[in-house]
Visitor: 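Here it is: the structure, laid out below.
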Amino acid sequence: QVQLVESGGGLVQAGGSLRLSCAASGFIFSLSAMAWYRQAPGKQRELVATIGRDGTTNYADSVKGRFTISRNNDKNTVYLQMNSLKHEDTAVYYCNAHFWNANYWGQGNQVTVSS
């Protein structure tokens with residue numbers, strides 16, 4: 001079965017850094033597009049960053065220059081390095097995999113940034 005297991009979230013002060021990891025299994029990771037989404041209380045889920053199977057990346061304007069998405073195909077893992085964190089980055093972060101016609105989701109990882 002497809003599994004996306006997220007880790008690395010937690011509480012951090014403004015200006016700090018965190019790295020989220022998402023370990024994937026049950027599909028061909030190297031042929032899949034990967035993404036990170038986030039959802040803050042009372043808001044819609046928004047796309048944070050994407051990385052294609054060719055390594056092409058895209059970022060939301062709100063995180064551009066601060067966040068970096070990367071992947072390690074040997075480890076079947078996608079990462080989100082978050083630097084210069086702001087209070088408004090507080091949200092539940094979700095790992096997403098797009099494989100064929102399906103989208104798979106992790107359970108979510110809470111990131112809380114204190115002021």
Visitor: Can you tell which of Asn96, Ile69, Asn73 makes a side-chain contact (heavy atoms from CB on, under 4.5 Å) with Val78?
Guide: Ile69
Visitor: Under a 3.5 Å cutoff, is there a donor and acceptor pairing between the side chains of Asn72 and Thr77?
Guide: no
Visitor: For residues 14-104, which residue pairs qualify under disulfide bond (SG atoms under 2.5 Å apart), counting only residues two or more places apart or in two chains?
Guide: Cys22-Cys95
Visitor: What salt bridge (Lys or Arg N to Asp or Glu O under 4.0 Å) pairs are there with at least one residue in residues 102-115, not counting sequence neighbours?
Guide: none
Visitor: Quick check against the 3.5 Å criterion: does Arg71 have a side-chain atom that pairs as donor or acceptor with the backbone of Phe29?
Guide: yes
Visitor: With rounding to the nearest 0.5 Å, note down the distance linking CG in Asn76 to CD1 in Ile28.
Guide: 10.5 Å
Visitor: Do Val5 and Val2 sit in the same hydrophobic cluster, where Ile, Leu, Val, Met, Phe, Trp and Tyr count as joined when their side-chain heavy atoms come under 4.5 Å apart?
Guide: no
Visitor: Is it the case that Gln110 and Thr112 place a side-chain donor and acceptor less than 3.5 Å from each other?
Guide: yes
Visitor: Under 4.5 Å between side-chain heavy atoms, hopping through other hydrophobics if needed: is there a path connecting Tyr94 to Met82?
Guide: no
Visitor: Could you grab the distance from atom CG of Leu18 to atom CG of Leu20, nearest 0.5 Å is fine?
Guide: 6.5 Å
Visitor: Can you name the closest pair of heavy atoms from Tyr59 and Ala49 and give their distance?
Guide: CD2-CB, 3.7 Å
Visitor: Is there a path of hydrophobic side-chain contacts, each under 4.5 Å between heavy atoms, that joins Leu47 and Val92?
Guide: yes
Visitor: Compare every heavy atom of Ala24 with every heavy atom of Leu4, then report the nearest pair and how far apart it is.
Guide: CD2-CB, 3.6 Å
Visitor: Quick check on the hydrophobic clustering: are Val111 and Leu80 connected, directly or via other members, by side-chain heavy-atom contacts under 4.5 Å?
Guide: yes
Visitor: Find the distance between OG (Ser32) and CD1 (Ile51) and round it off to the nearest 0.5 Å.
Guide: 12.0 Å
Visitor: Atom CG of residue position Asn101 - does it have more than 12 heavy atoms of other residues, nucleotides or ligands inside 6.0 Å?
Guide: no
Visitor: Which heavy atom of Val63 sits nearest a heavy atom of Val48, and at what distance?
Guide: CG2-O, 3.7 Å
Visitor: As an exercise, state the distance from CD of Gln3 to CD of Gln107, rounded to the nearest 0.5 Å.
Guide: 10.0 Å
Visitor: Is the closest side-chain heavy-atom distance between Leu85 and Phe67 below 4.5 Å?
Guide: yes
Visitor: Run the numbers on Gln81 and Ser17 for side-chain contact (heavy atoms from CB on, under 4.5 Å), then give the verdict.
Guide: CA-CA 8 Å; Gln81 178 67 47; Ser17 298; 4.0 Å; yes
Visitor: Which pair of non-hydrogen atoms, one from Gln39 and one from Ala91, has the smallest distance, and what is that distance?
Guide: O-CB, 3.5 Å
Visitor: Shortest non-hydrogen contact from Ala35 to Thr50?
Guide: CB-CG2, 3.9 Å
Visitor: Is the Tyr104 ring parallel, tilted or perpendicular to the Phe27 ring (thresholds 30°, 60°)?
Guide: parallel
Visitor: Name all residues meeting the salt bridge (Lys or Arg N to Asp or Glu O under 4.0 Å) criterion together with Arg66; count only those two or more places apart in sequence or in a different chain, and write none if there are none.
Guide: Asp89
Visitor: Going from CZ on Arg53 to CG on Leu31, what distance comes out if it is rounded to the nearest 0.5 angstrom?
Guide: 5.0 Å
Visitor: Is the CD atom of Gln13 crowded by more than 12 outside heavy atoms at less than 6.0 Å?
Guide: no
Visitor: Decide whether Tyr93 and Arg38 meet the rule of one side-chain donor and one side-chain acceptor closer than 3.5 Å.
Guide: yes
Visitor: Kindly compute the distance separating CD (Glu46) from CH2 (Trp36), expressed to the nearest 0.5 Å.
Guide: 14.5 Å
Visitor: Please confirm whether the backbone N or O of Asn103 pairs with a side-chain atom of His98, one donor and one acceptor, at under 3.5 Å?
Guide: no
